[in-house]
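See below for the structure under consideration.
Every chain is numbered from 1 and lettered A, B, ... according to where its sequence line falls, protein lines coming before strand lines. Fair warning: this is a prediction, and the values are worked out from it, not measured in the lab.
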There are 2 protein chains.
Amino acid sequence: MSNISKEDYLRVIYKGLEESRMVNPTLVAEHLNISNAAVTDMLKKLTKEKYVSYTPYKGIQLLEKGKMEAIKLVRRHRIWETFLFKVIGLPWYKIDQEAENLEHSSSDELIDRLEVILNYPEFDPHGHPIPRKDGRIPKQKKCISLDRLGIGKVSAIQKVNDHSEELLMFLYKSGLVINKKLKVTEKREFDNSIVVLVDNKELVLSEKISKNIFVEDMR
Amino acid sequence: MSNISKEDYLRVIYKGLEESRMVNPTLVAEHLNISNAAVTDMLKKLTKEKYVSYTPYKGIQLLEKGKMEAIKLVRRHRIWETFLFKVIGLPWYKIDQEAENLEHSSSDELIDRLEVILNYPEFDPHGHPIPRKDGRIPKQKKCISLDRLGIGKVSAIQKVNDHSEELLMFLYKSGLVINKKLKVTEKREFDNSIVVLVDNKELVLSEKISKNIFVEDMR
DNA sequence: AGATTAATTTAAGTTAACTTAAACATTTTT
DNA sequence: AAAAATGTTTAAGTTAACTTAAATTAATCT
Ligand SMILES: [Mn+2]
Ligand SMILES: [Mn+2]
Ligand SMILES: [Mn+2]
Ligand SMILES: [Mn+2]
């Protein structure tokens, strides 16, 4: 009947790979707030049904079938996020959670209508690419995480990780939104925090925060 | 965790009572496409948790707690239907199914935003009242089902049952939409079909169809 | 009233998706 | 090369929500 659970696994795996991290059962378990044993169980099913391939300690890969499913889900998720933000007016930091619920309960026809209403958006409000109906992914500018931007360098925010409401709320209040220009004015060796200049204001960002912000790589 | 199933039972019970039919396990089973035994099971749970009271062969009643839950769900359902129809532009006969999925996956905050965008609608596209946030139900004009409208009488469609896509598609194509005026020109004893005049066209309606259309009772 | 029909419940079983606790395997550190 | 830490699987059990088949109960018909 309902595939909500399976879809959630695929989304987490897809987003993990998208961030080019190695995706292992532990990571999935943490993201879904379930036990490792549950992930082992589901990976067996997903493997048998040819959604993923998986080598213990080496990571999970999406097979063609799984990738297609995941892309369709991510498309639904990001179109909803964009719609909730632009048309409904929900705040930036609430749309991920809401979209996570809606993504499992919408027909393709509805999603396509939303896409038309939004005039075929390429990126969601966090800067993530929205897969097209045919599965193609809009090309993004080359990015690096903010912690790797050199001192004195200026760049613009391209995307931010959207999984923590607290982070997004902080970023929003600090004006660290998509396309915002910023300059790194200081790097502190001790804790890897950095100081950036945004809207003529200085902001101190911890390493954990700067690693969740991605700026254009100008080289 | 997820309450989708429980909510569905409550919606069916609520809508059954709204149509002033006696609601028994068999009716619920038919509407949800599950076995009677499953309904018996769930009724036990719902009874234990004080959502409903139930006397075999006498019907199911909603208790305060169950009524509140059901009204909240019906509110979500009908606000979604209205939004899908008016803002998204989905066809009349598809919105019920789509709303049935979305109703379980939206926060109160989202629903309230939709309500604002729609400017506090009182009735959904099928003419059903949309419960307010405080639980109050907009008052409807007194209705009778079309099969009970006397010959020669003129009236306007107030609401239609929305559970069959086929029925709604037929009504839509025939111009039998909300507020449409019609006149009964003939009643056929043999099969209880009737002939109505709509937009200067004559239409033959079977008893089954006319029983699913409700017109203002002018007396 | 007794027979027939319809509605309901019980019994037993299935499946998906989890859990905890313990065992096992691999990688990393010393 | 051990030891320790980390990651993974197994085993056993739980829960919700269903199923079919058989038994029971109530309502309706003759
Ligand atoms: Mn998201
Ligand atoms: Mn996003
Ligand atoms: Mn409906
Ligand atoms: Mn409706």
Less than 3.5 Å apart, which donor and acceptor atoms pair up between the side chains of residues 43-56 of chain A and the rest of the protein, not counting sequence neighbours?
| from | atom 1 | to | atom 2 | distance (Å) |
| --- | --- | --- | --- | --- |
| A/T47 | OG1 | A/L43 | O | 2.6 |
| A/E49 | OE1 | A/K6 | NZ | 3.0 |

Would you please name every residue forming a ring-ring contact (aromatic ring centres under 6.0 Å, His included) with A/H128, sequence neighbours left out? A/H126

Name all residues meeting the side-chain contact (heavy atoms from CB on, under 4.5 Å) criterion together with A/D8; count only those two or more places apart in sequence or in a different chain, and write none if there are none. A/I4, A/R11, A/L32, A/E103, A/H104

Residues that A/R188 engages under side-chain contact (heavy atoms from CB on, under 4.5 Å), provided they are two or more places apart: A/E186, A/D191, A/S193, A/V195, A/V204

For DNA chain C, what residues of residues 24-38 of chain B have any heavy atom nearer than 4.0 Å? B/N24, B/P25, B/T26, B/N36, B/A37

Determine which pairs satisfy salt bridge (Lys or Arg N to Asp or Glu O under 4.0 Å) with at least one residue from residues 75-98 of chain A, sequence neighbours left out, and list them in order. A/E7-A/R76, A/E18-A/R78, A/R75-A/D112, A/R75-A/E115, A/R78-A/D124, A/K94-B/E109

In B/S/- notation (B base, S sugar-phosphate only, - none; protein heavy atoms under 4.0 Å), nucleotides 22-30 of chain C written 5' to 3' is ---BS----

Taking only residues two or more places apart in sequence, or in another chain, which ones meet A/K15 in a salt bridge (Lys or Arg N to Asp or Glu O under 4.0 Å)? A/D162

Within the distance-only criterion (no hydrogens, no angle test), does the side chain of A/S164 pair as donor or acceptor with the backbone N or O of A/E166 below 3.5 angstrom? yes

Which nucleotide of DNA chain D is the first, and which the last, in the 5' to 3' direction, to come under 4.0 Å of a heavy atom belonging to chain B? D/dA16 to D/dA27

So which pairs with a foot in residues 25-48 of chain B pass ring pair (Phe, Tyr, Trp, His ring centres under 6.0 Å), sequence neighbours left out? B/H31-B/H163

Contacts of B/K44 and A/Y9 projected onto DNA chain C by closest heavy atom; the upstream (5') one is B/K44

Return the set of residues passing ring-ring contact (aromatic ring centres under 6.0 Å, His included) with A/F83 (not counting sequence neighbours), or none when no residue passes. A/W80

So, using salt bridge (Lys or Arg N to Asp or Glu O under 4.0 Å) as the criterion, who are the partners of A/K72 when residues are at least two apart? none

